[in-house]
Structure formats: structure tokens, C-alpha cells
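Quick note: numbers below take in every heavy atom, side chains included, and nothing from hydrogens, waters or symmetry partners. Sequence lines set the chain letters: A, B, ... in the order given, protein chains first and strands last, and positions in each chain run from 1.
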There are 2 protein chains.
Amino acid sequence: MPPVLHGPVLDALGRRITAGELPAGAALTLDGIGAEFGVSRTVAREAMRLLEGLGLVRSGPRVGIVVLPHDAWNVLDPKVIAWRLDGPGRASQLRSLTELRQAVEPLAAACAARGATAAVRDELVGIARQMRKLGEAGEGDGEEFLALDIRMHELLMRSSGNELFSALADVVAVVISGRTHLGLMPAYPEPVALDAHEAVASAVATGDADAAEEAMARIVREVRGALDAGAPPTR
Amino acid sequence: MPPVLHGPVLDALGRRITAGELPAGAALTLDGIGAEFGVSRTVAREAMRLLEGLGLVRSGPRVGIVVLPHDAWNVLDPKVIAWRLDGPGRASQLRSLTELRQAVEPLAAACAARGATAAVRDELVGIARQMRKLGEAGEGDGEEFLALDIRMHELLMRSSGNELFSALADVVAVVISGRTHLGLMPAYPEPVALDAHEAVASAVATGDADAAEEAMARIVREVRGALDAGAPPTR
DNA sequence: CTCGCTCATTGATAACATCATTGCGCGGTG
DNA sequence: CACCGCGCAATGATGTTATCAATGAGCGAG
């Protein structure tokens with residue numbers, strides 16, 4: 001894919017705004033953007049349109065491009081989420097997203113238990129087995145364990161039969177990855193987490209929706225507990 | 001607000017794509033769009049960029065603008081949701097969204113019970129009281145009852161203290177409204193629904209998170225049951 | 001069958017016209 | 001003299017058009 005010119009501009013501005021470096025009410029102009037990034041007004045305009053579509057800015061004659069307050073942002077858009085997970089609000093964003101996971105993943109697991117294909121059920125069981133092996137070997141904070149963890153949650157979300165849950169699969173993947181790379185992951189995972197992952201896999205494999213939901217709720221509760229312990233609420 | 005020129009173009013194309021009128025793989029050209037809507041290439045391009053940002057299309061030199069398969073769409077974006085709630089996939093979209101509500105609203109209610117302001121707690125109790133009055137008077141399918149219903153759910157989502165839940169408040173409002181206007185609302189609401197709404201309000205008022213969560217789960221279960229009865233699953 | 005050419009179509013820039021918004025200054029008034 | 005309202009001009013977005021560069025899909029030649 002050719003690196004489209006407005007891409008870097010959009011990215012830079014998006015980061016600045018979501019990081020709070022450009023606070024609500026701050027004003028930009030197309031000429032200013034064009035001059036700073038060395039691009040034409042047209043490119044600056046396209047980046048601005050995208051930002052407008054994300055609810056980050058509003059533009060009007062004479063006023064230029066004004067940054068909107070954060071409650072106007074499309075906080076569910078993957079781009080916005082990615083930007084915020086990079087900036088200073090990382091911990092807070094991780095907490096919000098984990099809360100969303102807490103709401104969605106148990107139900108998604110229940111749906112998957114009802115609708116997953118045989119291939120998916122098999123893969124889940126295999127993943128859970130490997131996770132236990134790695135976890136008991138002290139590789140609970142390694143990349144391989146992380147990949148399995150992500151794969152399992154992604155499989156569950158995408159097999160839920162609900163496109164809205166599927167759309168959240170990438171977000172969940174980023175959150176899981178963020179937790180590991182923030183160093184919140186113990187080298188030896190809590191046995192309760194390994195048990196719960198196995199329980200989810202076998203519940204989905206046998207089509208037991210209630211058990212899958214309950215086991216997944218245990219997983220997410222543990223995640224949230226670890227997060228709170230590592231970074232106490234600052235609200 | 002001045003009717004920006006690319007707005008109608010974006011809207012029309014978005015509807016066509018989400019409605020399936022332009023299937024995945026269909027190709028457009030900027031000149032074609034410009035000619036059809038009587039706008040310049042620049043405006044057509046801006047509309048296209050927005051569509052690209054929503055994951056509906058991809059564009060490249062020589063290939064024109066190609067419609068992407070639906071699993072690339074930003075199905076959580078409010079614009080996409082609104083379009084799909086209008087088109088032929090309305091019932092299916094309503095089911096998906098209700099499932100999302102089922103996941104999110106109970107937890108949001110629990111959070112609200114922990115963090116809502118005194119003013120919000122009072123308003124919730126008042127709303128529940130009015131809802132019962134209207135419901136028992138046979139106004140359960142009226143606009144006034146609908147407005148109260150929406151207001152209550154919106155208040156809860158926005159008082160959850162989680163911006164991601166807040167962002168879903170509009171979506172929930174549209175879903176509730178859609179249910180009424182699809183004629184799935186009984187003139188006399190189920191007494192269980194009125195009871196549950198009152199239970200949520202009083203649980204939040206007293207700060208009982210568990211009770212709020214449980215009562216909200218009852219509400220959403222009832223909603224989903226009504227939806228399934230009115231439009232049996234076609235998956 | 002494969003390589004390479006061609007041309008349609010997007011990507012990007014520039015110059016220009018238009019128009020809404022806003023802030024400032026002018027004049028009138030209490 | 002202070003204050004308020006009105007209109008005007010500066011500003012910057014919106015939209016159009018023209019032009020060139022880049023690219024890649026399809027086709028034709030070898």
C-alpha cells in the first residue's frame with residue numbers, strides 16, 4: 001500500500017489531540033497544518049475531514065479548526081483507541097477498556113458456546129492446553145503465551161455470531177497485549193486464570209453457554225483485579 | 001448549520017453500501033460520483049475519504065473506489081449504525097445491538113450505582129415513578145413513555161463513569177426508539193418491566209450496585225425476549 | 001504463457017472565487 | 001462619559017477548475 005500523504009498528518013494530529021497537547025478549544029488552520037507538515041491545503045483538508053469524522057474537531061469559516069471536548073470524541077473508533085493507548089492517558093484508557101471487556105466477553109463466550117464451529121472448539125481446547133504448559137513452565141509473561149492468550153480471546157469474540165462483538169476483537173487484542181507490555185503480567189500466571197481459560201475452552205467445546213459465561217467472567221475479574229492492583233484508580 | 005456539500009453525498013453512498021445495494025467488490029469512480037450528485041471531484045473525494053475512514057471502501061489508482069466486505073466495516077460507528085438501522089438489515093441490526101445492550105447495560109447500571117451524583121439518583125427515581133403511572137394508564141407505547149424510557153437508560157450510561165459506555169448511550173437511545181417505532185412495544189408494558197425499572201432506579205439511588213446490575217439484566221432480558229418473539233431469529 | 005506497454009483513474013498541488021463568521025470600530029444614546 | 005447596537009471588513013473555510021505525477025490492471029505482442 002502506498003503511504004498516502006494525509007496518513008502521517010492524520011496520525012500526528014490525532015495523537016496530539018487525544019494526548020491533550022491540543023486542548024479542547026484550541027484552533028488550527030489549514031495553512032498552518034500545510035506549512036508544518038509540508039503538504040498542500042488539499043491534503044491538510046483531507047486529514048481534517050477524517051478528524052472531523054472521528055469527532056475530534058469541528059471546522060467552520062473564520063474560526064478555523066477547533067478541537068472538541070473529549071465527550072464529543074468517537075472513543076470506540078479503533079484509531080482513537082490506538083492513539084489514546086499511546087499517550088499519557090494510557091492507564092486510564094486501559095481501565096475503561098477492561099471494564100468494557102468485563103461487560104462484553106462473558107456474553108460473547110456464551111454466544112460462542114452456542115454457535116462456534118467444530119474447528120474453533122478444537123482450536124480453543126488446544127490453546128488452553130498449551131497455555132497451561134507454558135504457564136507452569138514460567139513463561140507466563142512471554143510473547144508466546146501472549147499470542148495464545150490473544151488468539152483465544154479473538155477466536156471467542158469472532159465466533160460469537162455478533163458482528164459488534166467481532167468488531168471489538170481487535171480492541172481486546174490490543175488490551176491484552178498492553179497489559180503484558182506494561183509489565184502487569186506475572187511470570188507465573190495465577191492458577192485460577194489458567195483454570196478459567198481451560199474451563200472456558202471446555203465449556204465452549206461442549207456447548208455449555210452458562211459455564212462459558214461464568215468462566216470468562218472469572219478471567220476478566222482477575223484481569224481487572226490485577227490492573228487495579230498495579231495502577232490504583234485515580235478518578 | 002450550513003448544509004455542507006459532501007454531507008448528502010456521504011449519506012447517500014453510505015446508505016447504498018450498507019444496504020447492500022452496492023455489494024462488496026462494486027467499483028465507483030470519483031467522476032461518476034461527481035456527475036451523479038452534481039459536485040466537483042474535490043467534494044466527491046472528501047465523501048470517499050470519510051467512507052474509507054469508516055472501512056466501507058478502499059480506493060487506489062486505476063482501481064477506483066471498491067466496496068469492502070462487511071467484516072471490514074466500522075460497525076460500531078454511529079453513522080454506520082444509523083444507516084443500517086434504516087436499510088433492509090434493520091431487524092438483524094436491532095438484534096445485534098440488543099445483544100450488545102444485554103452485555104453493557106447491567107454493568108453500566110452497577111457503575112452508576114457506585115458513582116452517580118445525587119441529582120441523577122433523584123431524577124432516576126422520578127422517571128421510574130412516571131413510567132409506572134403512564135404504563136398503568138395504557139400509554140406504554142406512547143411518545144411520552146418512550147422519552148422517559150430513553151432518558152432513564154441514557155442517564156445510567158452517562159453516569160457510569162466510563163466514557164466507552166457513555167459513547168454507547170446514543171446507540172441505546174436509537175435502539176429503544178426503534179423498538180417502539182417498529183411496533184414491538186405493548187400498549188400495557190409488562191408489569192415485570194415496570195418493576196425492574198423501579199428496581200434499577202431505587203438500587204442506584206441507594207448505591208446498591210449488585211441489585212442495579214441484576215434488575216437491569218432483567219430489563220434487557222425482557223427486551224430481547226420481546227424482540228425474538230416479534231422477529232424470530234433467521235440466522 | 002509471460003513480459004511489458006498503455007491508459008484510465010486516483011493522488012497531489014495550485015490558483016481562484018465565494019461565502020459565512022467574527023471581531024472591531026463607529027455612531028448613537030442614556 | 002460610559003455603554004450598547006449595528007454594520008463593515010478581515011479572515012479562513014468551502015468549493016471549483018486545471019494540471020501533472022504516479023500507479024497498476026488489463027491487454028497485446030512476442
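- Between A:E36 and A:R16, at least one side-chain nitrogen of the basic residue sits less than 4.0 Å from a carboxylate oxygen of the acidic one, meeting the salt-bridge criterion.
- Among the heavy atoms of the strands, none lies under 4.0 Å from A:R58.
- The distance from atom NE2 of B:H6 to atom CZ of B:R45, rounded to the nearest 0.5 Å, is 14.0 Å.
- Between A:S59 and the phosphate of D:dT14, there is a side-chain N or O to OP1/OP2 separation shorter than 4.0 Å.
- Mapped onto DNA chain C by nearest heavy atom, A:E46 and A:V63 fall at different nucleotides, with A:E46 at the one closer to the 5' end.
- The base of D:dG15 lies outside donor-acceptor range of the side chain of B:R45, with no N or O pair under 3.5 Å.
- Counting heavy atoms of neighbouring residues, nucleotides and ligands inside a 6.0 Å radius, atom CD of A:E144 does not exceed 12 of them.
- Note on B:T42: every side-chain N or O is 4.0 Å or more away from OP1 and OP2 of D:dT14.
- The nearest whole Å value for the distance from the CG atom in B:L5 to the P atom in D:dT17 is 12 Å.
- Per the geometry, CZ belonging to A:F37 stands 17 Å off C1' belonging to C:dA12, to the nearest Å.
- Here C:dT10 presents its C1' atom at 8 Å from CD1 of B:I65, a figure rounded to the nearest Å.
- The distance from atom CG of A:L28 to atom C1' of D:dA13 is 13 Å, rounded to the nearest whole Å.
- B:L30 places its CG atom 13 Å from the P atom of D:dT16, with the value rounded to the nearest Å.
- Of the possible donor and acceptor atoms, none in the side chain of B:R84 sits under 3.5 Å from a partner among the backbone N and O of B:L94.
- C:dT6 atom C1' lies 9 Å from atom CZ of B:R62, rounded to whole Å.
- Comment: B:E46 does not engage B:R49 in a salt bridge, judged by the lack of any side-chain N to carboxylate O separation of less than 4.0 angstrom.
- Taking atom CZ on B:R41 and atom C1' on C:dA14, their separation rounds to 14 Å, with Å as the unit.
- If you check C:dA12, C:dT13, D:dA13 against the side chain of A:H6, the one that comes closest is C:dA12.
- The CG-C1' distance, from A:D31 to D:dA13, rounds to 10 Å in whole Å.
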